[in-house]
Amino acid sequence: MDNTGSPLRLYARHLGAAYLTYIILGMLNSLLFKKGIYDFGAFNETEVRFRFAQTIDIIMFIAVIWASWAQYLVTKTINKNIAFLALLFRFGEGLLGFVATITTLTVIAILRTQEYSNVFQEDQLHALASIFVNMSGSIWDVLLIIMGIGATIFMYLFYVSNYVPKWLTLWGAFTYMSMVAYGFSNILLLEPPQILKHLMLPGAFFEITFGLWLLIRGVSTKSCSGDTLDLHKSNA
């Protein structure tokens, strides 16, 4: 058990650090840099913040992929096939995040390319830029679905493993299933219920709590049964 526990705790701390990195970056970006950057009438004043916000998003999704890999390394000790399925979803989340960010960065090309300003009026350029921002928002809706499915699967594996307290995994599962519901509602409904958006708000606190728990406490290998370790060996 010691041979299994030592790298497992290391992977868990990597996972905790990755969770904290991407959730803190995301929160700071929303609170400090993204406010007002999509008012393209004032783009001259907000361009630096706009570029900085997209750069932070790129770093955030790099951390998401880091978290996905670390989460797979931890949970493959429970069931390698299910953990790999969850990895595919969360890795897809990271890739969609890059696509959403690239789509948003198209705004710079639209508003800062001289040839476009010679052809289109300023209001038309602003409208075109807004279209790409809305496209990015639609990608985020799909991203929430992909993220929620993958993360819920990971929470299930943490639940059956007893690596962390069950109340923490249940909190996480509720958080991520709310993300799936919110993503689908934005696609399916003309007027999505705002309560779904509010249900996701505790998600940020969960990810901070979960990240700190893994970084400080790690995972409890004492609660692992012999069957779990045998499964890990057979899947290795």
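- One distance of note links CG of Leu20 with CD of Glu207; it measures 9.5 Å at 0.5 Å rounding.
- Considering all non-hydrogen atoms of both residues, Ala67 and Leu15 come closest at O-CD1, 3.4 Å.
- Through direct or relayed side-chain contacts under 4.5 Å between Ile, Leu, Val, Met, Phe, Trp and Tyr, Leu105 connects to Ile37, Tyr38, Phe40, Phe43, Phe50, Val107, Ile108, Ile110, Leu111, Tyr116, Val119, Phe120, Leu125, Leu128, Ile131, Phe132, Val133, Met135.
- For Arg112, the side chain to side chain donor-acceptor pair (under 3.5 Å) criterion is met by Asn44, Glu47, not counting sequence neighbours.
- Tracing side-chain contacts under 4.5 Å through hydrophobic residues (I, L, V, M, F, W, Y), one never reaches Phe33 starting from Val48; they form parts of separate clusters.
- Taking CD of Gln121 as the start and NE2 of His126 as the end, the distance is 11.5 Å to the nearest 0.5 Å.
- The side-chain heavy atoms of Met27 and Ile208, taken from C-beta on, include a pair separated by under 4.5 Å.
- With contacts defined as side-chain heavy-atom distances shorter than 4.5 Å, the pair Met155/Phe206 qualifies.
- Criterion: ILVMFWY side-chain heavy atoms under 4.5 Å apart, direct or through other members. Under it, Leu73 and Ile153 are part of a common hydrophobic cluster.
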task: Could you walk me through whether Asp57 and Lys34 pass side chain to side chain contact (heavy atoms under 4.5 Å, CB included), step by step?
output: CA-CA 10 Å; Asp57 273 350; Lys34 286 191 173 182; 2.9 Å; yes

message: If you apply the rule side chain to side chain contact (heavy atoms under 4.5 Å, CB included), what do you find for Tyr176 with Phe154, and how did you get there?
response: CA-CA 10 Å; Tyr176 294 124; Phe154 274 132; over 6 Å; no

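- No side-chain heavy atom of Val99 sits under 4.5 Å from any side-chain heavy atom of Leu95.
- The distance from the CG atom of Leu157 to the CD atom of Gln71 is 9.0 Å, given to the nearest 0.5 Å.
- Two residues are said to be in side-chain contact when any heavy atoms from C-beta on lie closer than 4.5 Å; Pro165 and Trp213 meet this criterion.
- Under a cutoff of 6.0 Å and an axis angle of 45°, Lys166 and Tyr159 form a cation-pi pair.
- Rounding to the nearest 0.5 Å gives a distance of 5.0 Å between CG of Leu8 and OG1 of Thr77.
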query: Do Ile139 and Phe98 pass the side chain to side chain contact (heavy atoms under 4.5 Å, CB included) test, and can you show the C-alpha distance, the side-chain angles, and the key distance before you say yes or no?
result: CA-CA 10 Å; Ile139 295 172; Phe98 291 134; over 6 Å; no

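- A donor atom on one side chain and an acceptor atom on the other are found under 3.5 Å apart for Thr104 and Ser136.
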task: Show your reasoning for whether ring pair (Phe, Tyr, Trp, His ring centres under 6.0 Å) applies to Trp140 and Phe61.
output: CA-CA 12 Å; Trp140 270 88; Phe61 286 115; 5.6 Å; yes

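- A distance of 6.0 Å or more separates the ring centres of Tyr72 and Trp66.
- Glu93 approaches Met147 most closely through the heavy-atom pair OE1-CG, 3.3 Å.
- Summarising the geometry of Asp39 relative to Thr46, their closest heavy-atom pair is O-OG1, 4.4 Å, with the distance given to 0.1 Å.
- At a threshold of 4.5 Å between side-chain heavy atoms, the hydrophobic network of Ile, Leu, Val, Met, Phe, Trp and Tyr places Ile102 and Phe52 in two separate groups.
- Between the side chains of Thr169 and Tyr163, no donor-acceptor pair is found at a separation under 3.5 Å.
- Atom CD of Glu122 sits in a sparse spot, with 12 or fewer heavy atoms from other residues, nucleotides or ligands closer than 6.0 Å.
- Taking each heavy atom of Ile145 and Val180 in turn, the nearest pair found is O-CG2, 3.8 Å.
- To the nearest 0.5 Å, atoms CE (Met60) and OG1 (Thr101) are separated by 7.0 Å.
- When all heavy atoms are compared, the tightest approach of Leu214 to Ala12 is CB-O, 3.4 Å.
- Residues Val160 and Met177 fall into different hydrophobic clusters, defined by Ile, Leu, Val, Met, Phe, Trp and Tyr side chains chained together at heavy-atom separations under 4.5 Å.
- In this structure, the ring of Phe210 has its center less than 6.0 angstrom from the ring center of Phe158.
- Shortest non-hydrogen contact noted between Ser161 and Ile78 is CB-CD1, 3.2 Å.
- Panel note: side chain Asn29, backbone Leu25; no donor-acceptor pair is recorded below 3.5 Å.
- Taken from OG in Ser138 to CG in Asn186, the straight-line distance is 9.0 Å, to the nearest 0.5 Å.
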